[in-house]
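Reviewing the structure listed below.
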Amino acid sequence: MKKITVLLCIACFLLLGYPPATSSAEATKPTTQQVPSYAKWGQLAMKRTKEAYPKADIVDYLHIGRQEGPVLTTEKFRLWLKEGDKEFGVNVTISFYKETEAVKEVKMEEIKRKAKRKKRS
C-alpha cells in the first residue's frame with residue numbers, strides 16, 4: 001500500500017510538474033502587484049453593505065466603474081449577496097471629494113435577480 005501511495009505521488013509530480021527551486025533572495029522579494037485605484041472604495045462598499053445586511057454573505061463583487069467630475073468622483077460597485085435561500089444584488093455608489101477623498105455620500109440600491117424566461121414553442 002505504501003509503495004502505491006509513493007508511486008502515485010511521484011507520478012503526480014511528474015505529470016503536474018513542480019516549481020523550480022528559488023534562491024532565498026528571490027523568495028524574500030516583495031511582489032510587485034499593483035493595487036487597483038478603486039480598492040479602497042471597494043472595501044468601503046463591502047463594509048457598508050455588511051452593516052446594512054448583517055445576516056447576508058457577500059458572494060460576488062464587481063467594480064462597475066468610475067466617473068470623475070471637477071469636484072466629485074463617483075465609484076460604482078455591484079455586490080451579490082446570499083441570505084438563506086434568498087440571493088440579491090446591491091448597487092453601491094460612493095461619491096467623494098476629489099481633492100480630499102472625503103466621502104460625501106454612499107447610496108445603496110437593492111436589485112432583484114431577473115426571472116428566467118420561459119421558452120416559447
Side-chain angles (χ1 to χ4, degrees):
M1 186 68 173
K2 290 181 183 180
K3 287 182 182 180
I4 292 173
T5 304
V6 171
L7 289 174
L8 284 173
C9 289
I10 291 171
C12 287
F13 280 122
L14 292 175
L15 290 173
L16 300 175
Y18 49 91
T22 57
S23 69
S24 61
E26 288 177 14
T28 58
K29 242 189 222 181
T31 59
T32 58
Q33 290 181 346
Q34 289 187 341
V35 176
S37 62
Y38 59 83
K40 170 183 177 178
W41 307 110
Q43 289 177 348
L44 178 61
M46 289 192 290
K47 178 184 174 194
R48 294 285 179 96
T49 301
K50 201 65 180 151
E51 289 170 358
Y53 302 93
K55 294 181 181 177
D57 293 321
I58 299 171
V59 296
D60 201 4
Y61 163 97
L62 172 69
H63 176 245
I64 295 173
R66 170 184 276 225
Q67 293 178 335
E68 292 192 36
V71 178
L72 290 175
T73 299
T74 303
E75 292 281 6
K76 295 183 179 186
F77 300 90
R78 176 167 295 153
L79 284 73
W80 206 254
L81 285 71
K82 184 169 185 173
E83 186 175 348
D85 293 338
K86 180 183 172 189
E87 282 193 21
F88 57 97
V90 176
N91 286 334
V92 182
T93 304
I94 302 171
S95 299
F96 59 93
Y97 293 98
K98 198 174 196 172
E99 290 283 321
T100 62
E101 291 194 346
V103 175
K104 178 184 184 232
E105 178 178 47
V106 177
K107 290 183 184 177
M108 300 175 76
E109 176 189 9
E110 189 174 318
I111 55 173
K112 304 287 183 196
R113 174 176 257 169
K114 293 182 180 178
K116 292 181 182 179
R117 291 187 191 180
K118 292 183 182 179
K119 291 183 181 179
R120 294 184 185 185
S121 359

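Because the structure is a prediction, the values reported are computed rather than measured. These numbers come from the heavy atoms of this one structure, side chains and all, not from hydrogens, waters or symmetry mates.
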**Asked** How far apart are the C-alpha atoms of L44 and R48, what are their side-chain angles, what is the distance that settles it, and do they pass the side-chain contact (heavy atoms from CB on, under 4.5 Å) test?
**Response** CA-CA 6 Å; L44 178 61; R48 294 285 179 96; 4.0 Å; yes

**Message:** Y97 vs V71, test: side-chain contact (heavy atoms from CB on, under 4.5 Å). Steps then yes/no.
**Reply:** CA-CA 6 Å; Y97 293 98; V71 178; 3.9 Å; yes

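Aromatic ring pairs are classed by plane angle as parallel below 30°, tilted from 30° to 60° and perpendicular above 60°; the pair F96 and W41 is parallel. In this structure, Y38 and H63 have parallel ring planes: the angle between them is below the 30° cut-off, well short of the 60° mark.
Between L81 and D57 there is no side-chain heavy-atom pair separated by less than 4.5 Å. Taking the side chain as every heavy atom from C-beta outward, I94 and T74 never approach each other to under 4.5 Å. Contact of the I111 side chain with the R78 side chain is registered, since non-hydrogen atoms from C-beta on lie closer than 4.5 Å. Using a 4.5 Å heavy-atom threshold, the side chains of T93 and V106 count as separate. Between M108 and T49, the closest side-chain pair of non-hydrogen atoms falls below 4.5 Å.
One finds a salt bridge joining R66 and E68 here, because a Lys/Arg side-chain nitrogen approaches an Asp/Glu carboxylate oxygen to under 4.0 Å. Taking the charged nitrogens against the carboxylate oxygens, E110 and K86 do have a contact shorter than 4.0 Å, which makes a salt bridge.
No more than 12 heavy atoms of other residues, nucleotides or ligands shown are found within 6.0 angstrom of CD on E99. Within a 6.0 Å sphere centred on NZ of K98, heavy atoms belonging to other residues, nucleotides or ligands number more than 12. The neighbour count for K47 NZ, taken as heavy atoms of other residues, nucleotides or ligands under 6.0 Å away, does not exceed 12. Residue-environment remark: CD (E51) exceeds the threshold of 12 foreign heavy atoms within 6.0 Å.
With rounding to the nearest 0.5 Å, the separation of CG in L62 from NZ in K76 is 12.5 Å.
Under the 4.5 Å side-chain heavy-atom criterion for grouping Ile, Leu, Val, Met, Phe, Trp and Tyr, V103 is connected to L79 within one hydrophobic cluster. I64 and M46 fall into different hydrophobic clusters, where Ile, Leu, Val, Met, Phe, Trp and Tyr side chains are chained together by heavy-atom contacts under 4.5 Å.
A donor-acceptor pair under 3.5 Å is formed between the side chain of K50 and the backbone N or O of A56.
The distance between the ring centers of W80 and Y61 does not fall below 6.0 angstrom.
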